[in-house]
Structures are given as C-alpha cells and as structure tokens.
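As structure tokens, the structure follows; a few thoughts come after it.
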Amino acid sequence: MAVQKSRKTRSKRGMHRSHSALTGSAVSVDPATGETHRRHHVSPDGYYKGRQVIAKKAVIAEDNDEE
C-alpha cells in the first residue's frame, strides 16, 4: 500500500481540491414537449427522447360549489 513520505501542505491540499467544486447539471430540451429536463432523465411530463414512457396520472377535479 502506498504511504506518503511527508505531509501535504495547506496550499497543495487546496490546489488539489480546487477541481472538486460542484458544477451545474447538464440540461436538454425534449423535442416533443419543448420542456427542459436533466440529460438522460425522464421529463416531468413523462417523456424521454421524444416518446412518452410514463403515463401521467389523471387528476380528478371535484367541484365543491354545488350544493
């Protein structure tokens, strides 16, 4: 197993960590809906690569105005 010969300084440690910063996730636009979503992920409407892969749940709206 490799063991370092001497302690790494604060400066060198900081230089090493400078490349570990978080970057923004890659975003693409779905060709069917024009919706933006993360790359290689299903869009909120259930589309992936222009095809609908997940059917959206139907929302039942009940009117409470009727008495």
Side-chain angles (χ1 to χ4, degrees):
M1 192 164 104
V3 178
Q4 67 186 24
K5 196 170 191 179
S6 60
R7 181 177 169 186
K8 192 177 261 191
T9 64
R10 283 182 233 125
S11 173
K12 292 291 183 183
R13 180 187 65 201
M15 286 184 224
H16 176 74
R17 290 180 180 171
S18 69
H19 302 290
S20 300
L22 295 175
T23 59
S25 60
V27 177
S28 68
V29 178
D30 188 66
T33 60
E35 199 170 25
T36 57
H37 61 92
R38 287 175 51 202
R39 303 240 339 134
H40 306 287
H41 286 76
V42 177
S43 69
D45 281 345
Y47 282 84
Y48 184 72
K49 291 186 178 179
R51 305 183 293 136
Q52 188 168 14
V53 293
I54 298 174
K56 210 172 183 189
K57 293 181 181 177
V59 179
I60 301 171
E62 295 182 16
D63 293 334
N64 292 333
D65 296 335
E66 298 175 23
E67 292 183 18

### Identified side chain to side chain contact (heavy atoms under 4.5 Å, CB included) partner of Tyr47 from the options Ile54, Asp30, Val53, Val42
Asp30
## Note on the structure
Smallest heavy-atom separation, Ala32 atom then Gly50 atom, equals CB-O, 3.6 Å
### Query
Does the side-chain contact (heavy atoms from CB on, under 4.5 Å) test come out yes or no for Arg17 and Arg13, once each step is laid out?
CA-CA 6 Å; Arg17 290 180 180 171; Arg13 180 187 65 201; 3.7 Å; yes
### Query
Rounded to the nearest 0.5 Å, what separation is found between the NZ atom of Lys8 and the CE atom of Met15?
10.0 Å
### Task
Quick one: closest heavy-atom pair of Arg39 and His41, and the distance?
O-ND1, 2.9 Å
### Lys49 NZ to Ser43 OG distance, which is reported to the nearest 0.5 Å
13.5 Å
### Task
Indicate the atoms forming the closest heavy-atom contact of Glu35 with His37, along with that distance.
O-CD2, 3.7 Å
